[in-house]
Every structure is written in structure tokens, then in C-alpha cells.
Amino acid sequence: MPMGHTATQQAGSGGLKATEHRLANGLRVVLSEDHLTPVAAVCLWYDVGSRHEVKGRTGLAHLFEHLMFQGSAQVTGNGHFELVQGAGGSLNGTTSFERTNYFETMPAHQVELALWLEADRMGSLLTALDEESLENQRDVVKNERRQRYDNVPYGTAFEKLVAMAYPEGHPYHHTPIGSMADLDAASLEDAREFFRTYYAPNNAVLSIVGDIDPEQTLAWVEKYFGSIPSHEGKRPPRDGTLPEVIGGQLREVVEEEVPARALMAAYRLPHDGTREADAADLALTVLGGGESSRLHNRLVRRDRTAVAAGFGLLRLSGAPSLGWLDVKTSGGVEVPAIEAAVDEELARFAEEGPTPQEMERAQAQIEREWLDRLATVGGRADELCRYAVLFGDPQLALTAVERVLDISPEEVRAVAAARLRPDNRAVLVYEPVQGAEDAADTAEAAETDAEGEAAQ
């Protein structure tokens with residue numbers, strides 16, 4: 001093994017294994033060998049997201065994600081996409097509150113190409129970053145904001161609820177997309193300083209999963225990443241600590257051209273990485289996870305007062321997680337009737353907890369989702385990075401299912417009783433204004449986009 005590496009012992013769950021290594025410059029490398037199919041995934045997480053931004057410069061982390069595809073020292077313009085896709089691979093990048101990630105899924109014999117590309121832009125992006133590329137991607141991000149947020153029904157709901165649930169000045173008060181004004185204000189020097197601060201090997205985790213030769217793969221990683229210098233100027237994210245409950249109901253009524261009335265709410269829930277967060281995930285699955293859930297059965301099937309009712313968890317490690325409630329009314333049903341029914345179901349659940357059948361179904365649902373994710377090379381690579389960056393240990397990804405299955409019905413009931421209360425939520429009520437058209441398919445697309453943003 002090349003000089004500068006350290007390695008941990010293998011650990012595994014259900015036949016899945018991973019090893020961790022560290023280069024002399026601080027880059028953490030996680031490998032998971034899997035020869036089931038001749039493909040491999042390369043995933044790179046940088047420990048930077050919107051929570052690292054400061055007032056007046058929101059959206060910079062997401063803007064920089066786009067800039068990372070604009071060329072580097074040896075790969076000009078759109079070359080990163082062209083080379084990966086030309087080799088039969090796929091790629092993308094995303095930004096969340098807590099991280100920025102980049103990923104490629106390649107034919108196994110093209111892994112070296114993906115590693116070279118990621119190393120080239122980590123080590124040399126500044127040589128290609130100029131005003132032209134900044135302006136180009138600034139316009140792309142602003143157009144993305146218009147298409148996904150500003151100009152679709154319910155598009156700004158997630159942004160509004162986040163701003164209510166996390167008070168002014170809190171690092172999670174704004175969403176990764178940022179504001180138009182701040183995007184306009186971002187300068188080339190802002191972008192360069194952002195890169196120098198956060199895009200360093202000692203602020204990143206690289207995972208390679210799939211049909212790989214670990215020894216050869218580590219040699220490539222050392223060859224392409226080993227000479228990139230570390231950087232010690234990173235500022236830690238601001239403290240995201242908040243009381244466990246909001247302490248009162250926050251409320252906003254939005255009058256817009258939307259196809260139907262809607263009740264949305266964000267509940268403050270336990271931090272990710274805790275048993276309480278897993279219990280909350282199970283509670284929300286029972287209450288609003290799919291067509292067998294309590295809220296769907298009550299509002300959509302029985303009462304027929306809603307056309308859709310969902311409840312999901314946005315897991316966050318640096319701040320309280322959010323329970324996201326989303327109900328679209330049917331016909332002329334008023335929101336107070338929906339809200340009363342929701343509160344009745346939540347109170348009953350807090351009193352009684354899940355039935356054995358509900359508990360079994362919820363655990364099976366989450367287990368299936370986790371196993372589906374770990375079964376793909378891309379999904380496993382992403383989870384290994386996630387647990388390494390956010391919790392310090394990539395091996396935790398391989399035992400996450402076991403922790404969910406270990407949660408008791410009483411833990412699920414207890415977290416619901418403590419957190420799913422009217423005095424612990426931010427509420428958003430949508431009222432259609434004159435001229436709104438019945439655009440159910442558009443509303444469904446907007447809802448999907450909001451869920452995708454929350455999941456990132």
C-alpha cells in the first residue's frame with residue numbers, strides 16, 4: 001500500500017463489506033468490492049452545503065456544484081459529461097443543507113477515467129474558473145429556481161416552511177437554491193475563495209463501489225489525488241442547536257394560483273443518527289408513508305376530503321430533522337376540516353402507538369427502501385460517503401437496517417407524543433385565488449420536485 005495510507009478492518013452486514021483508507025493529504029477513501037455486475041460507482045462528498053453559507057451569499061454551494069462541471073485544467077467546457085457519457089457512464093451532482101456530492105456510474109473498466117476526472121477538477125478547477133463560466137452557470141441556476149420554485153404551483157412551499165421552522169440567523173434558515181439577489185451578488189472572487197476553502201482533499205470522502213480490484217483502485221487514487229494539497233482554512237458550520245419543540249404554532253396563509261387548497265406543515269424532529277430519528281421515521285411511515293398509511297386511509301379513502309396525503313422525514317444531522325406533512329384537498333373542502341382530522345389522527349397515534357401490523361409493515365417498508373439503495377453500486381457509494389462525512393464512520397451505512405428493525409413500538413409512540421404536536425409545527429395553508437386552473441399534473445410534478453429537494 002502506498003505511503004500515507006492507513007486502513008481500517010473490514011466490517012460487513014448481509015454480505016456487504018467496506019474498507020476505509022486515508023491518503024497523506026487527508027482524503028478518506030472507502031472501497032466496497034462487488035463483482036455481481038461489471039459496473040462500478042465513484043462518489044465524492046465534500047463537507048460543504050448551504051449550512052456553511054453566510055447571509056448575503058446564499059446559494060453559493062449550489063452554484064459551485066454547477067461550476068464544477070464547467071471545465072478544469074485538462075478538461076475544457078462540457079468535457080466531463082462528454083467523456084463519462086462517451087465511455088458508457090452516467091453522472092451528476094447535488095447540493096443539500098449539509099454536503100455537496102458528485103458521482104459517476106461506469107463500466108468497470110472505465111473507473112480510472114472517473115477518478116482522473118474527479119481529481120482533475122479537485123486539483124485544478126481554479127485554472128479554468130473565469131467570469132464567463134460564472135455568468136453561464138449563474139443564469140442556469142437562476143433558471144432552475146424559476147422552473148422548480150418560483151413558477152410552479154406550491155413551488156416555494158419547502159422554502160417557506162424551512163424559513164419558519166428554523167429562525168432568522170439559523171444556518172438552516174435558507175434552502176440550498178439560494179435567493180435571486182444573492183445569486184446576482186456572487187462574485188468571481190467569492191467563488192474562488194469558496195473553492196479554496198472547501199474543495200480540498202481533507203474535506204472530502206471518496207467511495208468506489210462495484211466490480212473493482214481494491215489494490216489497483218487504491219493505486220489510481222494515490223496517483224491522481226495524492227499530490228493535491230490539503231487546506232486548513234475551513235470554517236466550521238454555525239451551531240444548528242434548537243429547542244426540541246418550537247413552543248408554539250407558526251402559521252402562514254399563501255394565496256396563489258394553485259389547483260387546490262393545501263395544508264402543509266413542518267414538525268421539528270430528532271437529529272439524524274439517533275434512535276429517536278429512526279423511531280420518528282417509523283412513526284411518519286405509519287402515519288403518511290403510502291396508500292396503506294393512516295392519513296391516506298382517513299382523508300383520501302374514508303372521508304374523501306383529500307386527493308393526496310403524505311408524511312415524510314427530512315433527516316438532518318446538524319439541526320433538528322423535519323417531519324414534512326403535505327395534504328391536497330379535494331373539491332371545495334376547507335383546510336380547517338383537514339387540519340382537525342390530521343390532529344385527531346396524530347393525537348390517537350400518540351396515545352395508542354402503532355399496531356403490531358403497522359409496525360411490521362413500516363419496518364418492512366423502510367428495510368426494503370434501504371436494501372434497494374444498498375443493492376445498487378451508486379446507492380451504496382452514496383450511503384458510505386454520507387455516513388463517513390456526517391457521522392464519521394462509513395460502516396454505519398451497512399448496519400442502518402438493523403438499527404431500524406431494533407426500534408420498539410413504544411419508542412415510536414413516545415417520539416410521536418413528544419414531537420407531533422400543534423405547538424411544534426410550522427403550518428402553510430394554500431388558498432387558490434381567482435384565475436387558478438385545474439392543473440393537477442403540474443401540481444404533482446411540483447410536489448415531486450419538492451420531495452426530491454427535501455431528500456437531497
Practice item. Evaluate the criterion side-chain contact (heavy atoms from CB on, under 4.5 Å) for residue pair H52 and D47; output intermediate values, then yes/no. Key: CA-CA 9 Å; H52 294 83; D47 186 10; 4.0 Å; yes
Donor-acceptor under 3.5 Å ([X] side chain, [Y] main chain):
X	Y	answer
S408	E411	yes
R235	T197	no
R275	D406	yes
R192	L129	yes
T156	E159	no
D190	S187	yes
T100	V48	yes
D423	V245	no
E20	R28	no
D211	V39	no

Practice item. Could you tell me if the ring centre of F64 sits under 6.0 Å from that of Y198? Key: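 Ring-ring flag for F64/Y198: false, centres at least 6.0 Å apart.
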Using side-chain heavy atoms (C-beta onward) and a distance below 4.5 Å, is [X] in contact with [Y]?
X	Y	value
P394	V205	no
M122	P201	yes
T94	R99	yes
R57	F194	no
V412	M359	yes
L284	W324	no
M180	D150	yes
L269	D281	no

State which residues pass ring-ring contact (aromatic ring centres under 6.0 Å, His included) with [X]; sequence neighbours excluded, sorted by chain then number.
X	result
H170	Y166, Y172
Y267	F311
F103	none

Flag for [Y]-[X]: side-chain donor and acceptor within less than 3.5 Å:
X	Y	answer
S133	N136	no
E112	Y224	yes
T95	E65	yes

Point to revise | S230: side-chain hydrogen bond (donor to acceptor under 3.5 Å, both in side chains) partners, not counting sequence neighbours | key: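 By the side-chain hydrogen bond (donor to acceptor under 3.5 Å, both in side chains) rule, S230 matches no residue at all.
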I'd like to know if [X] and [Y] make a salt bridge, using a cut-off of under 4.0 Å between side-chain N and carboxylate O.
X	Y	value
E383	R380	no
E131	R138	no
R315	D278	yes

Check your understanding: Step by step, would you call Y154 with V254 a side-chain contact (heavy atoms from CB on, under 4.5 Å)?
Key -> CA-CA 9 Å; Y154 317 108; V254 181; over 6 Å; no
Review point. What pairs of residues pass the ring pair (Phe, Tyr, Trp, His ring centres under 6.0 Å) test when at least one of them lies in residues 371-399, not counting sequence neighbours?
Key: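 Output for this query lists Y387-F391.
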**Study point:** Derivation and outcome, side-chain contact (heavy atoms from CB on, under 4.5 Å), residues L206 and L115
**Key:** CA-CA 9 Å; L206 172 68; L115 294 172; 4.0 Å; yes
Exercise for review: Might you confirm whether atom CD of E244 has over 12 heavy atoms from other residues, nucleotides or ligands at distances under 6.0 Å?
Suggested key: no
Review point. Counting only heavy atoms not in E132, do more than 12 fall under 6.0 Å of its CD?
Key: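 12 or below, so no.
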Check your understanding: F195 ring centre to R121 NZ or CZ under 6.0 Å, with the angle to the axis within 45°?
Key ->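 Pair R121/F195 does not count as cation-pi.
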Revision key, fill the gap. Distance col, row E189:CD vs L134:CG, nearest 0.5 angstrom, shows 11.5 Å
Practice item. To the nearest 0.5 angstrom, please state how far the CG atom of L31 sits from the CD1 atom of I212. Key: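 These two atoms lie 4.5 Å from each other.
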**Study point:** Verdict with reasoning, E222 to H21, per side chain to side chain donor-acceptor pair (under 3.5 Å)
**Key:** CA-CA 11 Å; E222 179 69 40; H21 315 265; over 6 Å; no
Review point. Under the salt bridge (charged side-chain N to carboxylate O under 4.0 Å, His left out) test, which residues partner E276, sequence neighbours left out?
Key: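 Per chain and number, E276 pairs via salt bridge (charged side-chain N to carboxylate O under 4.0 Å, His left out) with no residue.
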Practice item. Evaluate side-chain contact (heavy atoms from CB on, under 4.5 Å) for M164 paired with L428, printing each intermediate quantity in order. Key: CA-CA 9 Å; M164 283 196 286; L428 205 58; 3.9 Å; yes
